[in-house]
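Here's the structure, in structure tokens; my notes come after.
What you see below is based on every heavy atom in this structure, not just the backbone, and it leaves out hydrogens, waters and symmetry mates. Please read these numbers as outputs of a predicted model, since none were measured by experiment.
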Amino acid sequence: MCDYSLELYRSRPAVREEQYTLRRFPSGTMGFTAGHDCDTAVCMPADAHLRLEGIGETVQRAFAIGPVEEVVMTRFEVTGHAHRDAVRLSNGREVLLQSLNAGVTAVMMGSLSDLLGFKVEEIEASSHELLDA
């Protein structure tokens, strides 16, 4: 899942156990990149479990977390041109990626769809097919 404002950039899906870095793209939107390819946004599934490291002190104080945090990717349901990509912290708070500091690293540990053996997109496509029938 990539924030709408990253649609201007090349993107690819995240891969389990690969390391990513949170960067600010020229559009101003925060997004994940892999390795030295800073021009390609890496899209995380909505249910991805991530281990974040390098969380800055300001962010730690603001959200009552430490420098390392296990989180779940989520997406805010908003209308219009607003950022949607967020993480659910271990304390239950949901925070936009925009609120985290650039340079945070993340490793995708897995996702619910990995465990169940299907992808969320497949379910959504199937439900659309049922509605169209």
Considering all heavy atoms, the nearest A106-F32 contact: CB-CE2, 3.6 Å
Minimum-distance pair of heavy atoms, taken over all atoms of V42 and Y20: CG1-CE2, 3.4 Å
Separation between CG of N91 and CD of E69, rounded to the nearest 0.5 Å: 6.5 Å
Shortest non-hydrogen contact between R93 and A62, atoms and distance: NH1-O, 3.3 Å
Nearest heavy atoms of S99 and F63, plus distance in Å: CB-CZ, 3.9 Å
Worked check of side chain to side chain contact (heavy atoms under 4.5 Å, CB included) between V95 and V71: CA-CA 10 Å; V95 176; V71 302; over 6 Å; no
Single-linkage hydrophobic cluster, 4.5 Å side-chain cutoff, L22 and Y9 together: no
Spacing of CG belonging to L97 relative to CZ belonging to R24, to within rounding of 0.5 Å: 10.5 Å
Spatial distance of atom CG (D85) from atom CD (Q98) [nearest 0.5 Å]: 8.5 Å
Hydrophobic cluster identity match, L8 and F25, side-chain contacts under 4.5 Å: yes
Heavy-atom closest pair, residues A14 and M44: CB-SD, 3.5 Å
Chi angles and distances behind the side chain to side chain contact (heavy atoms under 4.5 Å, CB included) call for R51, Q19: CA-CA 10 Å; R51 179 179 172 86; Q19 183 169 317; over 6 Å; no
Side chains of L100 and L52 in contact at under 4.5 Å (non-hydrogen atoms): yes
Q60 to I55 - nearest heavy-atom pair and separation: NE2-O, 2.7 Å
Straight-line distance of T33 OG1 to L6 CG, nearest 0.5 Å: 10.5 Å
Candidate pair D37 and R10, rule side chain to side chain contact (heavy atoms under 4.5 Å, CB included), full reasoning: CA-CA 10 Å; D37 186 1; R10 281 188 320 239; 3.4 Å; yes
Counterpart residues, side-chain hydrogen bond (donor to acceptor under 3.5 Å, both in side chains), relative to R88 (two or more places apart): E94
Exam field: side chain E70 to backbone S90, donor-acceptor pair closer than 3.5 Å: no
Residue pair M108 / V15, side-chain heavy-atom distance below 4.5 Å: no
pair T58-N101: side-chain heavy atoms closer than 4.5 Å: no
Residue pair T40, R12: steps toward the side chain to side chain contact (heavy atoms under 4.5 Å, CB included) verdict: CA-CA 7 Å; T40 301; R12 69 169 180 85; 4.2 Å; yes
